[in-house]
Amino acid sequence: MKRLDKLIALNCNLSRKEARQLIKDGEVSVNGSCVLRAEELVNEQADTVSVKGYAFTAKDHIYIMLNKPRGVITATRDDNKETVIDLIPAPLRRRSLFPCGRLDRDTTGLLIITDDGALSHKIMSPSHHVRKTYIALLSYPLYDEDKERLEQGITLADGTVCLPAEVRAFEEDGAYYAEITIGEGKYHQVKRMFAAAGNHVESLRRVKIGSLVLDDSLGEGECRELTQEELGLIFEEKI
Ligand code: URA
């Protein structure tokens, strides 16, 4: 059993004083009932503690799905620019959260934030072949011969040869799009692949990591914890 203020301070990366203030403000509930006593004892394993409506239980690690908005940088901290970690609400924030991989500042969509270094390594490491799917808004239609070059493994302007990609071109409201799935994560890779195919990416959104699909009920800038089942989907490739 642990004191409520101590549990909140630990899990939300807050000082004891800040945790006590949240309790006093009526922002904390235990098993669905508001608790106003900081010294209330709670069972970390069995009780559900919610802060500002976000429930947490005592877990070793936290896994968060973020719908990254444009204009925010994929870093843990920056003196001038807003980072993806700044978007995580206090109840989900832990001491050592970091993003798994990197999306460009102007890229939107699925980003996993965690404090689990092993998981991050597994997602990023080429040997685990975790494939990522993006939707690119293109300046021009994607011609069949260029699509084939992407599918066969296109050579970038600097001579780097990419692994074969899966590509589906489509048109919507008169605009040209491509859904592209790749198993690598080179710098600006998708943009450089389409540039090598004579096209230009106007905007880019990541929609899938492995078989984990971005929850379309999350608005840009919103996040939520992943379920255990969803975590498993990252490493499960559905054909
Ligand atoms: N490829 C890019 O070019 N940019 C991203 O943000 C991700 C993949």
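Remember, it's 1-based here, ligands and their atoms both numbered in the order they're listed.
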Problem set entry | Exam field: side chain T83 to backbone D86, donor-acceptor pair closer than 3.5 Å | yes

Between ligand 1 and the protein, which N/O pairs fall short of 3.5 Å?
{"residue": "ligand 1", "atom": "1 (N)", "partner": "V190", "partner atom": "N", "Å": "3.1"}
{"residue": "ligand 1", "atom": "3 (O)", "partner": "H188", "partner atom": "O", "Å": "3.2"}
{"residue": "ligand 1", "atom": "3 (O)", "partner": "Q189", "partner atom": "N", "Å": "3.4"}
{"residue": "ligand 1", "atom": "3 (O)", "partner": "V190", "partner atom": "N", "Å": "3.3"}
{"residue": "ligand 1", "atom": "3 (O)", "partner": "K191", "partner atom": "N", "Å": "3.1"}
{"residue": "ligand 1", "atom": "4 (N)", "partner": "D104", "partner atom": "OD2", "Å": "2.7"}
{"residue": "ligand 1", "atom": "6 (O)", "partner": "D104", "partner atom": "N", "Å": "2.8"}
{"residue": "ligand 1", "atom": "6 (O)", "partner": "D104", "partner atom": "OD2", "Å": "3.4"}
{"residue": "ligand 1", "atom": "6 (O)", "partner": "T107", "partner atom": "OG1", "Å": "2.8"}

Problem set entry | L41 and R3, any side-chain heavy atoms less than 4.5 Å apart | yes

Exercise. Under the salt bridge (charged side-chain N to carboxylate O under 4.0 Å, His left out) test, which residues partner D215, sequence neighbours left out?
Worked result: R224

Problem set entry | Within 6.0 Å of CG in D216, more than 12 heavy atoms from elsewhere | no

For this session: Tell me, with the steps shown, if F98 and S120 meet side chain to side chain contact (heavy atoms under 4.5 Å, CB included).
Result: CA-CA 9 Å; F98 56 85; S120 173; 3.4 Å; yes

Exercise. Does a side-chain heavy-atom distance below 4.5 Å link T133 with I180?
Worked result: no

